[in-house]
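Each remark here refers to the structure printed beneath this line.
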Amino acid sequence: MQMIQETADLSAYLAADEVIDHHHPLVRETAARLADGVADSYEYARAAFEFVRDTIPHSQDSGDMRVTWRASDVLERGTGICYAKAHALTALLRAEDIPTALCYQKFDVVHGLVAVRFNGAWHRQDPRGNKPGVDARFSLEGERLAFTPDPASNEMDYPVLYAAPHPVVLDVLKAAPDRPRLWNTLPTAL
């Protein structure tokens, strides 16, 4: 799939905002801890990915009713759905100057991922969290995502690489008082 940057300005994929708040002390502290002892930015990216994938449970899998959307809140509360986990990973990567985009797939609902830029190319990663039947891995050599769209079932990869969360995604996260109600309002398309 040909990925399309939302903006040609690569600095947009390093920016902080209300959601990707990589200037927040908890994000900085977590990034520093993950960076300690790694040899390079590739190892750091893998460590950050595995941290988000493995230590922050997907709230649907764990039964957590809380809804998080801001990266620092995901880290503080230790929970989130795919979009929130993507926000946390994006913040951790951008905190260490690794260009990171948000991207999406369409299944019954929209699924959130990230793409990291290394060696002049974007590489999609899925920090959703593994479970039986889901085995996402950090990879710069071929995708190891949680799910593969089936075009015959009207599933697809959205090609756009966003510098900030898609407004449709962010609006439903911010509006949901709890995960069960969020589940009823998840976007089915972008």
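Salt-bridge formation is not detected for the pair R77/D64: no Lys NZ or Arg NE/NH1/NH2 atom is positioned less than 4.0 Å from an Asp or Glu carboxylate oxygen. Comment: D178 engages R181 in a salt bridge, judged by a side-chain N to carboxylate O separation of less than 4.0 angstrom. In summary, E96 and R28 do not engage in a salt bridge, as defined by a charged side-chain N under 4.0 Å from a carboxylate O.
Nearest heavy atoms, A163 versus A12: CB-O, 3.5 Å.
With sequence neighbours excluded, the residues satisfying side-chain hydrogen bond (donor to acceptor under 3.5 Å, both in side chains) with D9 are S11.
Side-chain atoms of H123 and L140, non-hydrogen and from C-beta on, do get closer than 4.5 Å to each other. I81 places a side-chain heavy atom less than 4.5 Å from the side chain of W183. Between T79 and H58, the closest side-chain pair of non-hydrogen atoms is not below 4.5 Å. Between V74 and I56 there is a side-chain heavy-atom pair separated by less than 4.5 Å. Two residues are said to be in side-chain contact when any heavy atoms from C-beta on lie closer than 4.5 Å; Y13 and W122 meet this criterion. Taking 4.5 Å as the limit, some side-chain heavy atom of S59 sits within range of a side-chain heavy atom of R179. Looking at heavy atoms from C-beta onward, M65 lies in side-chain contact with P180 at the 4.5 angstrom threshold. Within the 4.5 Å cutoff, side-chain heavy atoms of R53 are placed close to those of R137.
Not one N or O on the side chain of T55 forms a donor-acceptor pair closer than 3.5 Å with the backbone of V52. Within the 3.5 Å criterion, the main-chain N or O of P25 finds no donor-acceptor partner in the side chain of E29. The backbone N or O of H23 lies less than 3.5 Å from no partner atom in the side chain of D21, so there is not a single donor-acceptor pair. Side-chain atoms of E155 come within 3.5 Å of backbone atoms of D150 as a donor-acceptor pair (strictly under, hydrogens ignored).
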Just list the side-chain donor-acceptor pairs under 3.5 Å for residues 99-107, sequence neighbours left out, or say none.
| unit_1 | atom_1 | unit_2 | atom_2 | d |
| --- | --- | --- | --- | --- |
| T100 | OG1 | I98 | O | 2.9 |
| Y104 | OH | H166 | N | 3.0 |
| Q105 | NE2 | F147 | O | 3.3 |
| Q105 | NE2 | D157 | OD1 | 2.9 |
| K106 | NZ | N154 | O | 3.3 |

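Under the side-chain contact (heavy atoms from CB on, under 4.5 Å) test applied with D126, the options R144, E143, H111 reduce to a single match, H111. Just one of Y44, F138, Y42 meets the ring pair (Phe, Tyr, Trp, His ring centres under 6.0 Å) condition when paired with F118; it is Y42.
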Quiz prompt | Working for side chain to side chain contact (heavy atoms under 4.5 Å, CB included), residues H22 and L92 | solution = CA-CA 7 Å; H22 64 74; L92 289 171; over 6 Å; no

Exercise. Determine, stepwise, if the pair R117 / L161 fulfils side chain to side chain contact (heavy atoms under 4.5 Å, CB included).
Key: CA-CA 11 Å; R117 189 164 175 89; L161 300 170; over 6 Å; no

Exercise. Before giving the answer on side chain to side chain contact (heavy atoms under 4.5 Å, CB included), spell out for F49 and V114 the whole-Å C-alpha distance, their side-chain angles and the decisive distance to 0.1 Å.
Key: CA-CA 10 Å; F49 170 84; V114 305; 6.0 Å; no

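Between atom CG of residue L26 and atom CG of residue L75 there is a gap of 5.0 Å, rounded to the nearest 0.5 Å.
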